[in-house]
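For clarity, every value in this text was computed on a predicted model and none was experimentally measured. Position 1 is the first residue of the sequence, and the numbers go up from there.
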Amino acid sequence: MTDDTTPIRILIADDHAIVREGIRHVFRQAPGFEVVAEAASGDQALAMAREQVPDVAVLDITMPGMTGLQVAAALHEELPGVRVVILSMHDNPEYVLEAVRAGAHAYLLKDLAATELRAAVQAVHAGESYYSRQIAAMLTTAVRGELEEAQRGQALDALTGRERDVLLGIVKGETNKEIAARFGISHRTVETHRESLMRKLRIRTVAGLTRFALEAGLDVGAP
């Protein structure tokens, strides 16, 4: 790690010259930063990173050639010591999650204050992650959604084939008698499967079962 007198060496990548100039100005306004390279495309950014090996790469997502996320992933593989800050106009949760998966250490929106950009670069250079409050909340929601989806998948996997059949019958509004007739099983057997799947899923209402089936991706259309 560099000492306190050594500036943080930064690469800026954005396909708009005026944006690069604005970012460069942000770092010129305060001591401790040095912009060592600029790139107008993803391919150029990766080439310059290989040549200059900056401490931090500030990348836009949408660029000609390689995207910022692709550059981040390549840097994560080839130059893991280069910390990555994604600076984007996109506040879509999917972009944030993809950035994290690609190995980015910070995700900021372009309308942020200059002080926050400098704080983010300092944080990632120190080995931390940095997300603005809005992005952090979005990331938390997105991750929670992924976990809930995974949990639904696990719950679905816990059901037997016949329990899934009964679940679909319930969701389609069929009675136990109708489900029994369709699958050639007894009314009592349907009741047993119904109780078992409700216990496994911890859902006791038809509305709850319907929502689970739809969110789990089950085909609830007509057979």
Side-chain angles (χ1 to χ4, degrees), residues 59 61-62 66-77 80 84-86 88-109 123-124 127-223:
L59 309 175
I61 286 184
T62 307
M66 297 177 71
T67 67
L69 299 183
Q70 290 172 326
V71 175
L75 291 175
H76 183 67
E77 286 292 322
V84 174
V85 173
I86 295 294
S88 174
M89 62 182 292
H90 302 291
D91 61 356
N92 188 310
E94 265 310 305
Y95 279 110
V96 182
L97 277 177
E98 287 299 319
V100 173
R101 295 188 188 110
H105 308 92
Y107 192 109
L108 305 168
L109 298 179
V124 299
E128 303 170 7
S129 296
Y130 190 102
Y131 304 97
S132 60
R133 182 175 301 178
Q134 176 184 352
I135 294 300
M138 190 181 301
L139 182 60
T140 299
T141 300
V143 170
R144 185 183 300 121
E146 282 201 338
L147 290 174
E148 289 175 352
E149 183 177 348
Q151 290 168 351
R152 286 193 294 270
Q154 292 171 355
L156 186 62
D157 290 341
L159 299 182
T160 66
R162 186 59 76 197
E163 286 169 348
R164 289 194 189 201
D165 293 337
V166 172
L167 172 61
L168 287 175
I170 294 171
V171 170
K172 292 175 182 178
E174 297 176 350
T175 64
N176 286 356
K177 183 177 180 180
E178 289 171 331
I179 296 172
R182 181 149 67 92
F183 293 109
I185 56 179
S186 70
H187 180 278
R188 183 70 176 176
T189 299
V190 173
E191 288 183 344
T192 299
H193 288 311
R194 183 173 186 143
E195 282 300 315
S196 177
L197 72 89
M198 284 184 169
R199 183 178 65 255
K200 288 180 180 179
L201 299 178
R202 299 180 182 178
I203 302 173
R204 306 299 301 181
T205 66
V206 172
L209 291 172
T210 301
R211 178 181 176 185
F212 169 83
L214 291 172
E215 292 180 344
L218 283 179
D219 181 5
V220 297

> Is the closest side-chain heavy-atom distance between K200 and T160 below 4.5 Å?
Replying inline: yes
>> For a quick test of reading the model, state the closest non-hydrogen atom pair linking L167 to L159 and the distance between them.
In response: CD2-CD1, 4.1 Å
>> Please find the pair of heavy atoms, one from I61 and one from S88, that lie closest to each other, and give the distance.
In response: CD1-OG, 3.7 Å
> Would you say V84 and V124 make side-chain contact, with heavy atoms under 4.5 Å?
Replying inline: no
>> I'd like to know whether R162 forms a side-chain contact (heavy atoms from CB on, under 4.5 Å) with D165, so could you lay out the CA-CA distance, the side-chain angles of the two residues, the decisive distance to 0.1 Å, and finally the verdict.
In response: CA-CA 5 Å; R162 186 59 76 197; D165 293 337; 3.0 Å; yes
>> Please check if the number of heavy atoms outside H90 that lie under 6.0 Å from its NE2 is greater than 12.
In response: yes
>> Tell me the closest heavy-atom pair linking R194 and N176, and the distance in Å.
In response: NH1-OD1, 2.9 Å
> Distance from E178 atom CD to F183 atom CZ, nearest 0.5 Å?
Replying inline: 12.0 Å
> For the residue pair I86 and A104, what are the closest heavy atoms and their distance?
Replying inline: CG1-CB, 3.7 Å
> Would you call E163 and V166 a side-chain contact if the rule is heavy atoms closer than 4.5 Å?
Replying inline: no
> Minimum heavy-atom separation for I179 to I170, with atom names?
Replying inline: CD1-N, 3.8 Å
> Considering all heavy atoms of both residues, which atom of M66 and which atom of A74 are nearest to each other, and what is their separation?
Replying inline: CE-CB, 4.3 Å
> Side-chain contact, heavy-atom cut-off 4.5 Å: Y130 with L108?
Replying inline: yes
